[in-house]
Engineer: 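Below: one structure in structure tokens.
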Amino acid sequence: ERLGLQKLNGWRICFANRSYKLCETYPSCVVVPVTCTDDLISKVALFRSKERIPATVWRHPKNGATITRCAQPRIGLRFLSKSSRSVADEKLIQEIRAANPKSTKLVLIDCRPLTNAKANHLRKGGYEDISNYKDCSMKFLNIGNIHVVRDSFLKLHALCQYQNVRNNTNWLSKLESTRWLQMVSSVLKGALVVTRTVDKYGQSVVCHCSDGWDRTPQICALAQFMMDPYYRTFTGFQVLIEKEWISFGHMFATRCGHMHNDRQNESPIFLVFLDCIWQIIQQYPCSAEFNEEFLIFIMDQVYNCKFGTFLRDNQMQAKRENLSEETISVWTAANAKRNKYQNAAFRAHSHVLYPSSSLHALRLWNEYYLRYACSTIVKESPQRIFANKLNETKQKKRNSSTPDLNLNPSTLPRE
């Protein structure tokens, strides 16, 4: 109801995946246009990689434009012939476009570089033939895949070791060679493309990468964080992670190496997302209710496996193993220390955030990447200073409102 994805606005909740028979990596229910039947949704699943259909996850409160996520179409080498079409998929995309009351245009966002998307034709994947989708355009975001992210992170990890940090005269040039900040910049830039398309131009977007569980949640979640003030609150940010990353099947177990020794499929995709969030709150220090300690806490829990939240690849696995009953949620621990993770400088507002994605505006997240290599460095925290001053002011007010019981009789006024 908060998002306005209701029947009144042309949307409904689809329970075709109630038993995870339609798609094992999707949540049990998704939002689709009210005009689309479950039978149509089942046909669309056959056309999308891993049966990950276009599911709408956010609606703009003012112009009605939406963000929808999915996986790449199963086209393969059929793009050379007319058999690459899916009437059901085209129908669903058209209904998503038609549900926008303010614009007749829709933008298909492919997070991959165009060359990578073309290469996926050889793997039974690919991208949409835009000529089959009326009043739709297409944009490619040129974001690197999991292998690019992993290679960049390994270089950064090696650079951030104690022996490489101390007395390193070539630190900045070596940091540049890791291309970590360039990659963070590309993800932020992609999220800004979605934000401008939805917020400024009022056009709905359908976003995907290859399977829709790595770059897609990065872009969709960041765009929602920029546009929706609820997701910038302490509770709302937890909801955003649960919705875009956990419910829609980011493979935490595989990407973090929790269960299998599969180095080729490990990649710190979620870390890139949190790094982008950190970059945003550096540029907008009063716009998020939580501080960077909260981000570090979340990232630590992804890898230490204390809680069940990030242990499996998708919702179906977690339910089959009854993790909600057998383990504790990471949010239970976070909410128990809410005061520690709150931003004292937070000021609620409904403005859309448009952070800079240029390299000159980005910084290395020293408090996370260098916290062990540079443990002797003391950094003043403006938020902590502000919080201390605020507490001092409150204490002075309390003291001034408390009657002084040790008054000197000589100082009392005479009758």
Engineer: Do any pairs count as a salt bridge (Lys or Arg N to Asp or Glu O under 4.0 Å) and have a residue in residues 246-260, sequence neighbours left out, and if so which ones?
Structural biologist: Asp214-Arg255
Engineer: Are any side-chain N or O atoms of His349 and backbone N or O atoms of Cys286, one a donor and one an acceptor, separated by less than 3.5 Å?
Structural biologist: no
Engineer: Are Lys200 and Tyr354 in a cation-pi contact, defined as NZ or CZ under 6.0 Å from the six-membered ring centre and within 45° of the axis?
Structural biologist: yes
Engineer: Sub-3.5 Å donor-acceptor pair from the side chain of Gln203 to the main-chain atoms of Lys105, do we have one?
Structural biologist: no
Engineer: Do the side chain of Arg52 and the main chain of Gly212 share a donor and acceptor less than 3.5 angstrom apart?
Structural biologist: yes
Engineer: Do any N or O atoms from the side chain of Arg69 and from the backbone of Thr56 form a donor-acceptor pair under 3.5 angstrom?
Structural biologist: no
Engineer: Write out all pairs satisfying salt bridge (Lys or Arg N to Asp or Glu O under 4.0 Å) with one or both partners inside residues 6-32, taking only residues at least two apart or from two chains.
Structural biologist: Arg12-Asp38
Engineer: State whether the side chain of Ser358 and the backbone N or O of Ala361 hold a donor-acceptor pair below 3.5 Å, judged by distance alone.
Structural biologist: no
Engineer: Sorted by first residue and then second, give each salt bridge (Lys or Arg N to Asp or Glu O under 4.0 Å) pair with at least one member in residues 320-331; sequence neighbours left out.
Structural biologist: Arg312-Glu321
Engineer: How are the rings of Tyr127 and Phe140 set to each other: parallel, tilted or perpendicular (split at 30° and 60°)?
Structural biologist: perpendicular
Engineer: With distance as the sole criterion, is a donor-acceptor pair present between the side chains of Asp211 and Ser49 under 3.5 Å?
Structural biologist: yes
Engineer: Any side-chain to backbone donor/acceptor pair from Asn100 onto Thr66? Under 3.5 Å, distance only.
Structural biologist: no
Engineer: Excluding sequence neighbours, so at least two apart, what forms salt bridge (charged side-chain N to carboxylate O under 4.0 Å, His left out) with Lys155?
Structural biologist: none
Engineer: Salt-bridge test for Arg371 and Asp300: reply yes if a basic N is under 4.0 Å from a carboxylate O, no otherwise.
Structural biologist: yes
Engineer: Which residue pairs pass the salt bridge (Lys or Arg N to Asp or Glu O under 4.0 Å) test with at least one member in residues 182-199, sequence neighbours excluded?
Structural biologist: none
Engineer: Indicate whether the side chain of Asp135 and that of Thr104 have a donor and an acceptor atom separated by less than 3.5 Å.
Structural biologist: no
Engineer: Assert yes or no for the condition that the ring centre distance of Tyr162 to Tyr372 is strictly below 6.0 Å.
Structural biologist: no
Engineer: For Glu128, does its backbone N or O pair with a side-chain atom of Asn132 as donor and acceptor, under 3.5 Å?
Structural biologist: no
Engineer: Is it the case that Ser204 and Arg97 place a side-chain donor and acceptor less than 3.5 Å from each other?
Structural biologist: no
Engineer: Donor-acceptor pair, Asn291 side chain versus Lys340 backbone, under 3.5 Å?
Structural biologist: yes
Engineer: Classify the side-chain pair Trp213/Asn314 by whether it contains a donor and acceptor separated by less than 3.5 Å.
Structural biologist: no
Engineer: Would you mind telling me which of Phe310, Phe307, Tyr303 makes a ring pair (Phe, Tyr, Trp, His ring centres under 6.0 Å) with Phe252?
Structural biologist: Phe310
Engineer: Taking the side chain from Thr309 and the backbone from Val330, do they hold a donor-acceptor pair closer than 3.5 Å?
Structural biologist: yes
Engineer: Do you see a donor-acceptor pair shorter than 3.5 Å between the side chains of Glu51 and Tyr26?
Structural biologist: no
Engineer: Side chains of Glu242 and Trp331 only: does a donor on one sit below 3.5 Å from an acceptor on the other?
Structural biologist: yes
Engineer: Could you check Phe346, Phe297, Phe294 and say which one makes a ring pair (Phe, Tyr, Trp, His ring centres under 6.0 Å) with Phe234?
Structural biologist: Phe294
Engineer: May I ask you to decide whether Asp110 forms a salt bridge with Lys139, counting only side-chain N to carboxylate O separations under 4.0 Å?
Structural biologist: no
Engineer: With a 3.5 Å cut-off and no angle check, do the side chains of Trp278 and Tyr368 form a donor-acceptor pair?
Structural biologist: no
Engineer: Quick one: side chain to side chain donor-acceptor pair (under 3.5 Å) pairs with a partner in residues 220-232, sequence neighbours left out?
Structural biologist: Arg2-Asp228, Arg2-Tyr231, Trp58-Asp228, Gln224-Lys243, Gln224-Glu244
Engineer: Looking only at the side chains, is there a donor atom on one of Gln282 and Trp365 sitting less than 3.5 Å from an acceptor on the other?
Structural biologist: no
Engineer: So does Ile146 get a backbone contact from the side chain of Ser267, meaning a donor-acceptor N/O pair under 3.5 Å?
Structural biologist: yes
